[in-house]
Enquirer: 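One structure, pasted below without further comment.
Below, chain A is the first sequence line, B the second, and so on; all start at residue 1.
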Amino acid sequence: MTSAATPDRTAAPPDVPTARQLRARLRRARRRHHHRGLGDLLTDVYLVVLFVAMYGWALVSDLRAYLGSPAGGAADPGERYWIAVAALLAVAGLGWRALRAVGPLLVSAAAQSWAAGAPVDRRGWLLPRFVVLLGAVGGGGALLGVGLAFVARADGGGDLAVAALAGGGWATAALAAAVLAQASRVTARWPRLLGAGLVVGGVLLTVGVVVSHFAGGRLGRPGAWLAGGAVVVGLPLAVVLTVRAVRALPRVDRAALTTGAQFANAAATAAVMLDPTLLAAVVESRRWRGVGRVHSRRFRAGRRWWVLLQAEVRRLGRHPGALAAWAAVILVQYAVAVAVPSVAGSAQVVGAYLAADRLAGGLRSVSRSPGLRRVLGGGDGGNQVAHVVVPAVGAALWWLATLPVGGAQPGWLDAILVSGVVVAVHRAATRRPMDYDTAVADTPFGMIPVGLLSQVLRGLDVVAVLVVAQLVLS
Amino acid sequence: MDALTVRGLCRRFGNLVVLDDVSFTVPAGRIAVVVGPNGSGKTTLLRCVVGADRPDDGEVLVDGRRAYETDAWVRSFVAAALDDIDFFPDLSVVEHLELLAYAHGGPVEPVAEVLTELGLDRARDQLPATLSSGQRRRLALASCFVRPRRLLVLDEPEQRLDVRGRAWLADRLRDERATGTAVLMASHDAELIDAVADSRIEIGG
């Protein structure tokens, strides 16, 4: 059966209930066995709002205070502004990819099998989800806009309103465009080009600012017209795209609806179970399925560790995205050194960890799969050593590439920090499957699941120690 | 009029070609069985036919009309039991089937009959989490028989069925054929294929 196309034959056959009637029947049936009242829902919403408000406010106000302090403010305002714009572009590109990965419209496999697969009106079935998503994403965009404006000290009533409208408008437009992409033909290239264009735009802008900085150039900061322009363009665009998305809802097909559901389910389970490997498994499966077939070659003869190392390098060559991410973090380090030079030393430690961790896929696979270790033979120690070589070399090269914009520290400290980063990557990659039956400590702040936290933070704990060491010893 | 026509269907995963220019027809009241070794693309073919996967090229026609999964008429025409079926954890066996019958605008009376036929009578009030894999398979098959259909698509329906279940399946497929329903199924069961198949579609050979 071919996917979403043009014919207007989507009217439901006679006697088929409307989408609203079917939804109501499903809801009634489920409520018989699943007692969850409005009060429970409101409690959940309240907790989420409280969480976002508390931690969001703390983050925004601390960031604003730091950037306004003598240490945090030691950067050219124009360069900092354009780095922020570049970061927004890159984040928008990655956000677009995330929206596309989860749908954004999705239907669970159960709902697809027992309700949405019936000849009910597709638009009627999807419209309530679309409206809820639109509200959530638009509201989130508006909040983000207000937060950024507050951090940038554009905190007059008018400025905040403009930022809210710009953020909400563009976020709404992005969601509507993602739904249009979901309803488009499989051969449509614009969704991929849009995501890539945003990321490439962010990268090029960052490179331009960094080059200008080291060449001694000065960049001006545009006036408020840019935010006003964003509103003028963003709001009408949001309206037009939303109308088009609603019209496109009947063309969103089963393949598009259920693929995102797998990803969203994995993400939700990973978040609830505090175990990112559940999501990583789905991402990896999709990635390698997209590659399909590779050119198999015989390994050069040698000792066991040498063959394992060749396999590790070969796997990396088949995953250029990991190398791209490794290189992108170098650019991020340069951008941080230009925009917030006071945190360049700490950022270098964190960046080295993130970059090397991208190269530790083999170590993660071997450590998490007892079956794979059994097949490979040899001891766990030998397997791990063979698979830690690539991330270790990656960390060292990354550190060398960012030396000019890292922390001002003696050479011996550089060596210690790089070694520490490798230890952190090893600790994170060799994380065991989550054990939920762990110790809980009774503290003045309430019950804290210490055992659970220690598992989640494995690897990051070493990074934290390294950051403190860098701050103290540099 | 052929109930199902597949023309030049292609499906690739990256640079791996799984289906390459697959074409066939299934007339109404006939049973076509897709055969081929593991990894030959049988499931992918069925997924493309029902719209669970998007082919890279080619077209699927149902009853002579280009088939789009987004078309409500097509969804009412095609009943399918593939591997991707899932269940609401808080609905019982009978509630699943009644919901599906209602969603298709049909009466719920056939549900009791189908439950009996599939040996799910005693499990009618059980929640999916308590079902065995064989019972889940029977429930998936039952989902095809409580709703109107003119094309039935089944992916290895014999899987996890016991001997009596397989005998019932063969009888049921013959009944479907007798009432004019076209059947497209993938199977590895030579006995079942010999018992019901009117034609074989070999892929990946």
Side-chain angles (χ1 to χ4, degrees), chain A residues 1-17 19 21-22 25-26 29-34 36 108-123 183 185-187 249-259 261-262 287-294, chain B residues 6 9 12-18 47-62 65-82 84-92 95-106 127-128 140 143 147-148:
Chain A
M1 201 171 295
T2 320
S3 66
T6 46
D8 186 20
R9 298 181 308 171
T10 54
D15 301 332
V16 169
Q21 287 169 330
L22 182 58
R25 175 156 180 153
L26 176 59
R30 300 190 73 179
R31 273 192 193 143
R32 272 185 231 134
H33 312 293
H34 191 82
R36 191 169 184 276
S108 71
Q112 172 59 46
S113 304
W114 300 96
V120 289
D121 174 45
R122 183 63 52 93
R123 179 188 283 138
R185 288 171 184 273
V186 71
T187 49
L249 287 179
R251 298 201 307 272
V252 183
D253 67 5
R254 170 180 172 168
L257 289 170
T258 50
T259 309
Q262 292 166 5
R287 179 193 305 141
W288 295 121
R289 195 172 146 125
V291 172
R293 189 194 292 270
V294 295
Chain B
V6 171
L9 206 71
R12 293 178 285 273
F13 296 124
N15 52 7
L16 175 68
V17 180
V18 177
R47 286 174 58 78
C48 288
V49 167
V50 303
D53 198 357
R54 292 171 160 184
D56 295 301
D57 209 350
E59 60 181 11
V60 176
L61 287 83
V62 167
R65 291 159 57 166
R66 183 80 183 259
Y68 297 98
E69 191 275 336
T70 49
D71 185 341
W73 175 82
V74 170
R75 294 201 298 277
S76 70
F77 192 99
V78 184
L82 307 184
D84 61 356
I85 194 166
D86 203 354
F87 308 95
F88 293 107
D90 41 13
L91 288 191
S92 68
E95 285 169 338
H96 273 94
L97 296 175
E98 285 181 356
L99 177 71
L100 191 70
Y102 173 75
H104 280 268
L127 295 176
S143 72
R147 46 156 292 181

Enquirer: Is there side-chain contact between B:Arg54 and A:Asp253, with at least one heavy-atom pair below 4.5 Å?
Expert: yes
Enquirer: Ignoring hydrogens, what is the shortest heavy-atom contact between A:Arg254 and B:Ala52? Give both atom names and the distance.
Expert: NE-CB, 3.6 Å
Enquirer: Return the minimal non-hydrogen interatomic distance between B:Arg75 and A:Val120, and the atom names on each side.
Expert: NH2-O, 2.6 Å
Enquirer: Does a side-chain heavy-atom distance below 4.5 Å link B:Tyr102 with A:Gln21?
Expert: yes
Enquirer: With heavy-atom distances below 4.5 Å as the criterion, would you say the side chains of A:Trp114 and B:Leu97 are in contact?
Expert: yes
Enquirer: Check whether A:Ala19 gets within reach of chain B through its side chain, its backbone, both or neither, counting any heavy atom under 4.5 Å.
Expert: neither
Enquirer: At their closest point, which heavy atom of B:Asp86 faces which heavy atom of A:Ser113, and how far apart are they?
Expert: N-OG, 3.3 Å
Enquirer: Measuring from atom CD of B:Glu69 to atom CZ of A:Arg122, what distance do you get when rounded to the nearest 0.5 angstrom?
Expert: 4.0 Å
Enquirer: At a heavy-atom distance under 4.5 Å, which candidate from A:Ala115, A:Ala256, A:Ala111 has the highest pair count against chain B?
Expert: A:Ala111
Enquirer: Looking only at heavy atoms, what is the nearest atom pair of A:Leu26 and B:Leu99, with distance?
Expert: CD1-CD2, 3.6 Å
Enquirer: Work out which heavy atom in B:Gly105 is nearest to a heavy atom in A:Pro17; give both atom names and the distance.
Expert: N-CD, 4.0 Å
Enquirer: Quick one: side chain to side chain contact (heavy atoms under 4.5 Å, CB included) partners of B:Asp90, sequence neighbours excluded?
Expert: A:Arg30, A:His33, A:His34, B:Phe88
Enquirer: If you count heavy-atom pairs within less than 4.5 Å of chain A, which of B:Glu95, B:Arg147, B:Arg12 leads?
Expert: B:Glu95
Enquirer: If you take all heavy atoms of B:Ala103 and A:Val16, which pair is closest and at what distance?
Expert: O-CG1, 3.5 Å
Enquirer: Quick check for you: among A:Val294, A:Val291, A:Leu257, which has the greatest number of heavy-atom pairs under 4.5 Å with chain B?
Expert: A:Val291
Enquirer: Taking only residues two or more places apart in sequence, or in another chain, which ones meet A:Arg31 in a side chain to side chain donor-acceptor pair (under 3.5 Å)?
Expert: none
Enquirer: Please classify the contact between A:Gln112 and chain B as side chain, backbone, both or neither, with a heavy-atom cut-off of under 4.5 Å.
Expert: side chain
Enquirer: Looking at OG1 of B:Thr70 and CG of A:Leu249, how far apart are the two atoms once the value is rounded to the nearest 0.5 Å?
Expert: 12.0 Å
